[in-house]
Amino acid sequence: MIKILIIEDDNAIRENTSELLELEGYATLTASNGKIGLEKIKRHLPDLILCDLRMPEMDGFTVLKNLGESPDLKRIPFIFFSAKSEKIDIKTGMDAGADAYLAKPFEFEELLASIQKCINNKKQV
């Protein structure tokens with residue numbers, strides 16, 4: 001079963017996303033900020049990370065930067081999802097090393113397609 005870590009400070013978004021992904025057959029872990037998320041990544045090694053950009057304690061860019069410093073962790077597919085939806089924000093997220101970037105609000109089907117694409121690309125590496 002594919003394990004997805006959702007790092008999101010908004011409780012409703014975090015829990016709803018987790019519940020919907022579980023209904024699709026994914027195992028989920030959740031974290032309310034980047035600091036907790038990084039601890040869970042190291043402890044549970046998820047197959048994919050879905051991460052908000054702006055959060056207290058540690059933002060999404062810092063989480064991604066920390067992953068990039070570890071050969072094992074930097075291979076985990078990483079999807080930003082954020083209310084910041086300007087082209088420059090998306091470009092910045094992708095340039096930082098994210099595998100995908102979803103602007104909130106997004107359609108659930110769009111999230112599923114991004115997850116599937118990232119998982120498929122990881123298998124080919």
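Heads up: numbering here begins at 1 and tracks the sequence.
Here the CD1-CG distance, from Ile7 to Leu38, works out to 7.5 Å after rounding to the nearest 0.5 Å.
Between Asp9 and Arg14, no side-chain nitrogen of the basic residue sits less than 4.0 Å from a carboxylate oxygen of the acidic one, so the salt-bridge criterion is not met. Using a cut-off of 4.0 Å between Lys/Arg side-chain N and Asp/Glu carboxylate O, Lys104 and Glu8 are scored as salt-bridged. Between Glu69 and Lys65 there is a salt bridge, since at least one side-chain N of the basic residue sits less than 4.0 Å from a carboxylate O of the acidic one.
Residues Ile36 and Leu67 do not share a hydrophobic cluster, clusters being chains of Ile/Leu/Val/Met/Phe/Trp/Tyr side chains in contact below 4.5 Å. Grouping the Ile, Leu, Val, Met, Phe, Trp and Tyr side chains by contacts below 4.5 angstrom, directly or via other members, places Ile119 with Phe106.
Phe108 and Glu24 get closest at one heavy-atom pair: CE2-CG, 3.8 Å. The shortest heavy-atom contact between Leu102 and Ser114 is CD2-OG, 3.6 Å. In this structure, Met1 and Asp47 approach most closely via the heavy-atom pair O-OD2, 3.9 Å. In this structure, Cys51 and Phe78 approach most closely via the heavy-atom pair CB-CZ, 3.4 Å. Residue Asp72 comes nearest to Arg75 through the heavy atom pair OD1-NH2, 3.2 Å, listed as atom of the first residue, atom of the second, then distance. Closest of all the heavy-atom pairs between Asp99 and Ile76 is OD2-O, 4.1 Å.
The side-chain heavy atoms of Pro77 and Asn121, taken from C-beta on, include no pair separated by under 4.5 Å. For the pair Thr92 and Phe61, the minimum side-chain heavy-atom distance is below 4.5 Å. Under the 4.5 Å side-chain criterion, counting only non-hydrogen atoms from C-beta, Asp52 is not in contact with Ile13. Using a 4.5 Å cut-off on side-chain heavy atoms (C-beta onward), Ile79 and Ile115 make contact. Side chains of Leu5 and Leu48 form no contact here, defined as non-hydrogen atoms less than 4.5 Å apart. Residues Ile4 and Ile49 fail the side-chain proximity criterion, which asks for heavy atoms closer than 4.5 Å. For the pair Thr17 and Leu20, the minimum side-chain heavy-atom distance is 4.5 Å or more. Using a 4.5 Å cut-off on side-chain heavy atoms (C-beta onward), Leu112 and Leu21 make contact.
Asp59 and Thr62 share a side-chain donor-acceptor pair at under 3.5 Å.
Heavy-atom contacts from other residues, nucleotides or ligands closer than 6.0 Å to NZ of Lys3 number more than 12.
The salt bridge (charged side-chain N to carboxylate O under 4.0 Å, His left out) test applied to Lys117 returns no partner, not counting sequence neighbours.
The ring of Tyr101 has its center no closer than 6.0 angstrom to the ring center of Phe81.
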